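The structure appears below as structure tokens.
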Amino acid sequence: MSIKVRFAPSPTGFLHVGGARTALFNYLFAKSHKGQFVLRIEDTDQERHQENSIISILQNLKWLGLDWDEGPFLSSKNKLIYKGSQKSYRQSERLAIYQKQAEDLIQKGEAYYCFLSQEEETQIRNKIIEEGKTYIPSSPYRNQSLEESQRRIKNGEKACIRFKTSQVNKNYTLNDLVRGKVTFASEMVGDFVILRSDGYPVYSFSCAIDDALMKITHIFRGEEHLPNTLKQMLIHEALNFPTPQTGHLSIILGKDKKKLSKRSGAQSIEYFKNEGYLASALINFLALLGWNPGTEQEYFSKKELINTFSKEGLNLSAAVFDENKLLWLNKEHMKTLDNKELWGDILPFLEQEKIAIDKSWREINKILESIRSGFKTFKQSVSLLKNFSNCSEDRFIISNKAKEIFNWPKSIQVVTKWKTSLENLSKEYMSLEDFKNIQKTIQTEVKVKSKEFFMPLRCALVGEPEGIEIKILVTLVDRKELIERADKVLKNFKS
RNA sequence: GUUCCCUUCGUCUAGAGGCCUAGGACACCACCCUUUCACGGUGAAAACACGGGUUCAAAUCCCGUAGGGAACGCCA
């Protein structure tokens, strides 16, 4: 049997790391079994639905490299095009399907019309919860005759459709792909709603039907869906549909050990993209959050993940999202890029900061070669690279840490001598030899140790006490620029 | 409240009764490299939630306790 999985986000906002990880595990499971990956949009909540988030979710998934075989795709004009056996992969465009199935269930006596208004139900529920009891959905219309119901609907009364859950207390055991056997009692869910009074289906219903219609065989989803599985089993049973196998993933926690939320910091895929992380690193990191290969390997390319993935390595307990490790993995993934690729990835970030490095590829290549070991993200690498652009007036900012260093006894003397040496230099770019001579002279004249020489000098070069190999910098930035930077320091710090 | 799920270094995790004096990775710290920051290298420190069983033997099996989480919607 060929494997088919799906990822079914609801377009209520950005794609989050939690959702991305769910998509990833589905993707890895499918690809490692040479199966298919389906994408479906669950937009049955008209209130929370945000049209533009569909596009952003699709773009983010694509950026992550989680290519799907079936579902909605973006045309060049950002219009949705559907590919696959179904006419549409948006639930809001499949309403007739759910309505038909719901009516079939009514005919079979497995569901019924309920005329309880939402307000009435909320009241009943609140009262029961206040009493400290468990609310189990039920309805006084359970045994109303179909003729009577149809008559009321004809009269314009609004009704939702409820599933007629067996009152015989039957146990349902689901064999969870990651948790093993989990047993639920059918009474737990009560007579839950499958179709709202406005004709829109409720999640469990549309989901169960679509999974069956799209011939989904396996589902990995968040732990919070565990109780929903029971509803879907009941629906599948009533409709004579096969039930796909489900696996419930543990949740991702923030630093505060609470479920990852906007408050616990960065969490949208967009954020990591904008911060200059590599998609392959993010995927690598997400995969390791709640899954392990059973070996001590930590670095994985997407291909390696597909080859290594097995659901047996999935973990039960919640995991804390640790940005430090992501950063490290990103550094490792960046190492695998060659200079051309690296430069191509960094360029948009330079442009964003309006930094132009007006140099030949030969020079850029040389710069990258010398400083790329310090790169952690594309965005962060900009802060190192900006030192090579000629825009010192606006760009050259003296940090507080640098100011402290200029307060060292001999710092200003060093910078003064440095400026003089530059002025005496007759070429546009100094050689390493020139620099060594200047260093020797200054250190002897001012009588400073190397640290007392290098630190103020770095601050006079980049405005900060850290960041870049000085010997590289001085040979790749022209004399005029170097003088301007030293000048700016001296103007601000008279000794 | 009810039901379900989870619990090994700060964090991600290895661990399927003896290979455990509990392994790896990130972070942290120290040292080395470097006449500077960083990069790199080496090393140190750091955990089986607690209490009972079962067993010759328990991080591993069972039962409790505590803690954390999820669900209980005409949200997904």
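Every chain is numbered from 1 and lettered A, B, ... according to where its sequence line falls, protein lines coming before strand lines. Note that the structure is predicted; figures quoted are calculated from it, not measured.
Counting non-hydrogen atoms under 4.0 angstrom, A:Lys440 reaches nothing in the nucleic acid. Contacts of A:Glu452 with the nucleic acid, taken as non-hydrogen atoms under 4.0 Å apart, are absent. Among the atoms of the strands shown, base atoms are found under 4.0 Å from some heavy atom of A:His225. Among the heavy atoms of the strands lying under 4.0 Å from A:Ser197 is at least one base atom, whether or not backbone atoms are also near. Residue A:Leu384 is out of contact with every strand shown, counting any heavy-atom pair closer than 4.0 Å. Nucleic acid contact class of A:Ser373 (heavy atoms, under 4.0 Å, all strands): sugar-phosphate only. Residue A:Glu469 is classed as a base contact, given a heavy-atom separation below 4.0 Å to a base. At the heavy-atom level, A:Ile468 lies under 4.0 Å from base atoms of the strands shown. When heavy atoms are screened at a 4.0 angstrom cut-off, A:Tyr203 is found touching base atoms of the nucleic acid. Counting non-hydrogen atoms under 4.0 angstrom, A:Thr12 reaches nothing in the nucleic acid.
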> In the 5'-to-3' direction, what one-character label does each nucleotide of nucleotides 12-25 of chain B receive under the scheme B = base within less than 4.0 Å of a protein heavy atom, S = sugar-phosphate only, - = no such atom?
Replying inline: BSS--------SBB

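In this entry B:A57 has no Watson-Crick or G-U wobble partner, no candidate having both defining distances under 3.5 Å. Checking B:G64 for Watson-Crick or G-U wobble geometry (two distances, each under 3.5 Å) identifies B:C50 as its partner.
To the nearest 0.5 Å, the span separating OG on A:Ser268 from NE2 on A:His16 amounts to 6.0 Å.
Candidate nucleotides B:C6, B:U35, B:C74 were compared by shortest atom distance to the side chain of A:Glu121, and B:C74 ranks first. Proximity note for A:Glu223 (side chain, C-beta onward) versus B:A70, B:A76, B:A27: the nearest is B:A70. Listed candidates were B:A76, B:U36, B:C26. Nearest to the side chain of A:Met455 is B:U36. Each of B:U35, B:C6, B:A76 was ranked by its minimum atom distance to the side chain of A:Leu316; first place goes to B:C6.
For the pair A:Arg125 and B:C74, the criterion of a side-chain N or O lying under 4.0 Å from OP1 or OP2 is met.
Outside the 6.0 Å centre-distance limit, the rings of A:His333 and A:Phe285 are not counted as a close aromatic pair. Residues A:Phe220 and A:Phe25 keep their aromatic ring centres 6.0 Å or farther apart. If you look at A:Trp291 and A:Phe309, their ring centroids are closer than 6.0 Å.
When the ring-ring contact (aromatic ring centres under 6.0 Å, His included) test is applied to A:Tyr113, no partner is found at least two apart in sequence or on another chain.
Under the 6.0 Å distance and 45° angle rule, A:Lys379 does not count as a cation-pi partner of A:Phe349.
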Can you list, pair by pair, the side-chain donor-acceptor contacts under 3.5 Å of residues 244-251 of chain A, counting residues two or more places apart and other chains?
residue, atom, partner, partner atom, Å
A:His248, ND1, A:Asp176, OD2, 2.6
A:His248, NE2, A:Thr229, OG1, 3.2
A:Ser250, OG, A:Ser317, O, 3.1

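Toward the 5' end of RNA chain B, the nearer of the two residues A:Lys331 and A:Leu116, judged by each one's closest nucleotide, is A:Lys331.
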